[in-house]
Amino acid sequence: MKEVIASEPASGLLQALIFDVDGTLADTERDVHRVAFNRAFRRAGLDWYWDVPTYGRLLKVAGGKERILHYLRTEAAEVPSINRQEELTRELHAEKTRIYLALIEQREVSLRPGVERLLREARQSGLRLAIATTTTPANVRRLLEATLGTDACRWFEVIGAGDVVANKKPAPDIYKYVLDRLRLSAAACFAFEDSANGLKASTGAGLRTIVTPTVYTATEDFTGALSVLSDLGEPCWTSRHIAGLRPERGLIDTAQLDAWQARHSEALPA
Ligand code: XBP
Ligand code: MG
């Protein structure tokens with residue numbers, strides 16, 4: 001008879017939570033990323049300006065460099081020569097990143113409701129944490145340090161970010177990269193996202209996903225999400241249920257995730 005090792009995780013046990021960053025951990029797009037892009041354009045002497053609706057449209061293109069290049073090729077009034085396009089994009093993006101990092105220091109960016117509570121609970125209960133994002137790694141580190149403290153990057157066993165994969169969201173590559181490094185199957189994890197692009201990426205990697213949309217993504221199609229909620233909720237601020245599974249206590253905590261894991265893990269491929 002096979003000996004049962006006490007520390008071996010029972011099959012179907014929840015083991016890790018994987019978080020997107022922009023829009024999911026914090027609502028950074030409109031007032032931090034967008035502002036940083038516009039300042040970089042101005043410093044470069046360009047008359048480009050991404051207002052709030054324009055930026056909402058451009059957010060469909062994941063990744064800052066990709067977004068600049070897309071705009072430059074399809075919408076910009078002044079278009080540099082083909083040879084200069086990629087170089088200009090790199091320069092603008094490097095400057096945008098410097099500005100973004102400074103803005104995170106200067107502005108009081110806060111995490112979305114329930115995020116810090118869930119991260120702390122997950123750590124206490126031994127769940128592993130990871131990040132899967134299209135944003136630049138330095139941005140992730142600065143945001144985590146500014147909101148959770150200087151050791152917060154160490155909370156996350158894997159930080160999959162930026163150009164570490166060739167294809168950004170909605171491709172599933174970044175989630176596959178993170179799962180690979182965690183050495184876990186998708187069935188042992190939940191993903192947290194805020195956008196349809198992110199949901200396509202996470203579900204494309206086989207992950208059950210809880211979506212908390214932002215004002216930019218509220219009207220997107222979240223078919224395939226396990227649960228869609230206004231936010232992760234707090235004991236004194238229950239989240240609004242939008243679609244899919246409804247959390248019993250009006251918030252996402254580890255007890256709720258364990259309950260959903262027990263209910264759904266058997267139906268998932270290993
Ligand atoms: C959101 C994005 C990012 C940021 C810009 O990523 O699309 O591209 O807008 O970041 P996610 P960079 O929701 O996956 O975190 O300029 O550093 O690329
Ligand atoms: Mg996002």
Side-chain angles (χ1 to χ4, degrees), residues 18-41 44 48 50 52 54-72 86 88-104 109 111-112 115 130-144 147 156 158-178 191-205 207 209-218 220 222 225 228-229 231-232:
I18 309 175
F19 290 85
D20 166 49
V21 173
D22 295 303
T24 301
L25 294 185
D27 205 348
T28 45
E29 291 292 4
R30 191 189 65 182
D31 297 333
V32 199
H33 281 293
R34 186 184 67 89
V35 171
F37 280 112
N38 284 328
R39 288 193 187 169
F41 300 152
W48 303 354
W50 292 351
V52 172
T54 302
Y55 192 66
R57 194 163 37 74
L58 292 169
L59 271 176
K60 302 279 181 288
V61 182
K65 288 191 286 292
E66 292 78 357
R67 196 169 299 142
I68 294 170
L69 200 59
H70 166 84
Y71 179 79
L72 178 161
E86 298 215 351
L88 176 63
T89 297
R90 273 197 304 278
E91 289 165 9
L92 287 170
H93 190 257
E95 183 64 7
K96 176 260 166 178
T97 299
R98 280 190 284 276
I99 297 167
Y100 176 90
L101 294 174
L103 282 174
I104 291 288
V109 178
L111 297 174
R112 294 191 63 189
V115 168
I131 277 179
T133 176
T134 57
T135 201
T136 302
N139 296 352
V140 182
R141 288 195 294 272
R142 184 64 57 91
L143 181 72
L144 293 177
T147 53
F156 297 87
V158 180
I159 297 186
D163 298 329
V164 74
V165 288
N167 304 306
K168 293 188 177 170
K169 298 173 188 178
D173 302 28
I174 193 67
Y175 279 101
K176 288 184 174 168
Y177 169 94
V178 169
F192 294 83
E193 272 290 350
D194 72 300
S195 68
N197 264 348
L199 177 65
K200 275 201 195 97
S202 58
T203 53
L207 285 151
T209 305
I210 294 157
V211 176
T212 51
T214 67
V215 68
Y216 267 136
T217 61
E220 292 182 349
F222 297 120
V228 185
L229 304 165
D231 50 66
L232 298 178

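Any value given below was found using the heavy atoms of this structure, including those in side chains, with hydrogens, waters and symmetry copies removed. Order of appearance sets the numbers: ligands from 1, and atoms from 1 within every ligand. What you see is a predicted model, and the numbers here were worked out from it, not measured in a lab.
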Colleague: Could you walk me through whether N139 and K96 pass the side chain to side chain contact (heavy atoms under 4.5 Å, CB included) test, one step at a time?
Modeller: CA-CA 11 Å; N139 296 352; K96 176 260 166 178; 4.1 Å; yes
Colleague: Closest non-hydrogen protein atom to atom 12 (P) of ligand 1, residue and atom name please, with distance?
Modeller: H93 NE2, 3.4 Å
Colleague: Atom 13 (O) of ligand 1: which protein heavy atom is closest, and how many Å away?
Modeller: D20 OD1, 2.8 Å
Colleague: If you have a sec, work out which protein heavy atom is nearest atom 17 (O) of ligand 1 and how many Å separate them, to one decimal?
Modeller: T136 OG1, 2.5 Å
Colleague: For atom 15 (O) of ligand 1, which protein heavy atom lies nearest, and how many Å away is it?
Modeller: T133 OG1, 2.4 Å
Colleague: Under a 4.0 angstrom heavy-atom cut-off, which atoms of ligand 1 come close to V21?
Modeller: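 It comes down to these atoms of ligand 1: 15 (O).
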Colleague: So, regarding D22 and ligand 1 (criterion: nitrogen or oxygen to nitrogen or oxygen, under 3.5 Å), is there a contact or not?
Modeller: yes
Colleague: Donor-acceptor pair, distance only, cut-off 3.5 Å: does the side chain of Y216 make one with the backbone of V52?
Modeller: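 Answer holds: yes.
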Colleague: When you measure from the side chain of K169 to the backbone N and O of I174, does any donor-acceptor pair fall under 3.5 Å?
Modeller: no
Colleague: Could you tell me if the ring centre of F41 sits under 6.0 Å from that of W50?
Modeller: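 So the answer is yes for these two rings.
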Colleague: Quick one: does any side-chain atom of T133 pair with a main-chain N or O of T135 as donor and acceptor, under 3.5 Å?
Modeller: yes
Colleague: Counting from 1, what ligand 1 atoms have a heavy atom of K169 closer than 4.0 Å?
Modeller: 14 (O)
Colleague: How many angstroms lie between atom CD of E193 and atom CZ of F19, to the nearest 0.5 angstrom?
Modeller: 11.0 Å
Colleague: Just checking R112: does its CZ atom have more than 12 heavy atoms from other residues, nucleotides or ligands closer to it than 6.0 angstrom?
Modeller: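 Atom CZ in R112 is crowded, with more than 12 foreign heavy atoms closer than 6.0 Å.
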Colleague: Please report which non-hydrogen protein atom sits nearest to atom 18 (O) of ligand 1, along with the residue it belongs to and the distance in Å to one decimal place.
Modeller: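 Checking every protein heavy atom, the shortest distance to atom 18 (O) of ligand 1 gives G64 N, 2.6 Å.
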Colleague: Starting from atom 10 (O) of ligand 1, which protein heavy atom do you reach first, and at what distance in Å?
Modeller: T135 OG1, 2.8 Å
Colleague: Return the option from R67, K96, E193, K168 holding the heavy atom at the smallest distance from atom 9 (O) of ligand 1.
Modeller: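 Selected option, by shortest heavy-atom distance: R67.
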Colleague: Just to confirm my output: which protein heavy-atom neighbour is closest to atom 2 (C) of ligand 1, and how far is it?
Modeller: T134 OG1, 3.2 Å
Colleague: For the pair E220 and K60, find out whether any cationic side-chain nitrogen is under 4.0 Å from an anionic carboxylate oxygen.
Modeller: yes
Colleague: Under 2.8 Å from the Mg ion (ligand 2), which protein N, O or S atoms do you find? Ignore water molecules.
Modeller: D20 OD2, D22 O, D194 OD1
Colleague: Test your reading of the model: is there a side-chain donor-acceptor pair from T28 to the backbone of D22, 3.5 Å cut-off?
Modeller: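 Here the side-chain-to-backbone pair does not exist.
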Colleague: So is G63 close enough to ligand 1, meaning a heavy atom under 4.0 angstrom away?
Modeller: yes
Colleague: Could you walk me through whether L144 and I159 pass the side chain to side chain contact (heavy atoms under 4.5 Å, CB included) test, one step at a time?
Modeller: CA-CA 11 Å; L144 293 177; I159 297 186; 4.2 Å; yes
Colleague: Which ligand 1 atoms are under 4.0 Å away from a heavy-atom of Y55?
Modeller: 9 (O)
Colleague: So, T217 side chain and P213 main chain: donor-acceptor pair closer than 3.5 Å or not?
Modeller: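 No: the side chain of T217 does not pair with the backbone of P213.
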Colleague: Under 3.5 Å, side chain of T24 to main-chain N/O of V21, donor-acceptor pair present?
Modeller: no
Colleague: How close does the nearest protein non-hydrogen atom get to atom 1 (C) of ligand 1, and which residue and atom is it?
Modeller: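 Residue, atom and distance for the closest contact: E29 OE2, 3.2 Å.
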Colleague: Is there at least one pair of N or O atoms, one from N139 and one from ligand 1, spaced under 3.5 Å apart?
Modeller: yes
Colleague: Taking it one step at a time, do Y55 and H33 satisfy side chain to side chain contact (heavy atoms under 4.5 Å, CB included)?
Modeller: CA-CA 10 Å; Y55 192 66; H33 281 293; 3.4 Å; yes
Colleague: Are E66 and ligand 1 in contact, using a heavy-atom cut-off of under 4.0 Å?
Modeller: no
Colleague: Using 4.0 Å as the upper bound for N to carboxylate O, is an ion pair formed by D163 and K168?
Modeller: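 Yes, K168 and D163 are salt-bridged.
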